[in-house]
Amino acid sequence: MDALVNFDPLFLATLKSGDYVGFTFFIGSMAMLAATVFFFFQYSQVDAKWRDSMLVSGLITFIAAVHYYYMRDFWAETGTSPTEFRYIDWILTVPLMCVEFYLITKKAGASKGLLWRLIAFSTVMLVTGYLGEAVYTTGAGPAAWGAISGAAYFYILYIVMMGEVKTLAEKAGPTVAKAVNVLAWFVLVGWAIYPIGYMAGTAGWYGAEGQIFGMNVAMDIIYNIGDAINKIGFGLVVYALAVAPASE
Ligand SMILES: *C/C=C(C)/C=C/C=C(C)/C=C/C1=C(C)CCCC1(C)C
């Protein structure tokens, strides 16, 4: 009884009505969890040669599910952006997306060097993004660090859309080529959501902080939508490849 009397409701994350950013944190949290269950259950259903790819898809959403669990509470408690959890999640999951490109094109001859190059550039992209978003937040800081981050992003985009990854995927056959092409479009369109969130959250773009074209658009809503599209969508493309008849 005592425990009940002393129970502090503040230990529970509170979600206030009208907190749309908070809504997307809770939806994101559940969506990542559900996607993880799906990918892990499908693991044993697909052909053995695609199992590592399915596992990595599940790991990406699993890591995100755990971080979203923390992020939604952080948001509900403080009403501020959980920048550190966000970037820790990304520094783990984005390299795993690079691993996904590597695994799919490995049979066609993808080298470890290619994998490490993709991982190195995604690390540069995220570390410089963090510096602009959380450390050098005044003056030219966000723009300068954002520009370096953007350059690394464009290099990754080039490799997967026009460079070695594309060449290898075509060598692997039409089914793999098609899947890698869709994944490259995720990098082109889905990943481009993040710089928009970054600009909404750091001063100096679109007038006031947090505004895009005069509207108050929260950085975290944009990041949360980006994560759902990229992590779950990416995994579903890999799943579709794994169950495609021609991939047998
Ligand atoms: C699952 C998480 C993913 C796919 C995260 C991707 C993040 C990016 C592509 C972030 C890119 C950024 C820029 C290109 C410039 C501004 C700073 C960043 C880090 C937001």
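Whatever order the structure lists them in is the order used to number ligands and atoms, beginning at 1.
Here the side chain of Tyr155 pairs no donor or acceptor atom with the backbone of Ser122 at under 3.5 angstrom. Looking at Arg51, its side chain does come within 3.5 Å of a backbone N or O of Tyr43 through a donor-acceptor pair. Side chain of Asp220 to main chain of Val21: no donor-acceptor pair is present (N/O by atom type, distance under 3.5 Å, no hydrogens or angles). Remark: the backbone N or O of Ser29 is not paired with any side-chain donor or acceptor of Tyr69 at under 3.5 angstrom.
Enclosure of atom CZ in Phe23 by more than 12 non-hydrogen atoms of other residues, nucleotides or ligands within 6.0 angstrom is indicated. Within a 6.0 Å sphere centred on CZ of Phe62, other residues, nucleotides and ligands contribute 12 heavy atoms or fewer.
Of all atoms in ligand 1, numbered sequentially from 1 with element shown, those under 4.0 Å from a heavy atom of Gly129 are 17 (C), 19 (C). Against a heavy-atom cut-off of under 4.0 Å, Tyr153 is close to the following atoms of ligand 1: 14 (C). Distances below 4.0 Å separate heavy atoms of Pro195 from the following atoms of ligand 1: 13 (C), 14 (C).
At a heavy-atom distance under 4.0 Å, only side-chain atoms of Tyr87, from C-beta outward, approach ligand 1. Counting heavy atoms closer than 4.0 Å to ligand 1, residue Met97 contributes side-chain atoms (C-beta onward) but none from N, CA, C or O. Under 4.0 angstrom from ligand 1, the non-hydrogen atoms of Tyr194 come from both its backbone and its side chain. For Val94, every heavy-atom contact with ligand 1 shorter than 4.0 Å involves the side chain, none the backbone. If you look at Trp191 next to ligand 1, the close heavy atoms, those under 4.0 Å, come from the backbone and the side chain alike. Contact annotation: for Asp227 versus ligand 1, heavy atoms closer than 4.0 Å belong to the side chain alone.
Of the protein's heavy atoms, Met125 CE, 3.4 Å lies nearest to atom 9 (C) of ligand 1. Here the heavy atom of the protein found nearest to atom 1 (C) of ligand 1 is Lys231 NZ, 1.5 Å. For atom 15 (C) of ligand 1, the closest non-hydrogen atom of the protein is Ser149 OG, 3.2 Å.
Here Glu133 does not pair with Arg86 in a salt bridge; the nearest charged N to carboxylate O distance is not below 4.0 Å.
Between Tyr87 and Tyr130, the ring planes are perpendicular. Angles over 60° get that label, and only those under 30° would be called parallel.
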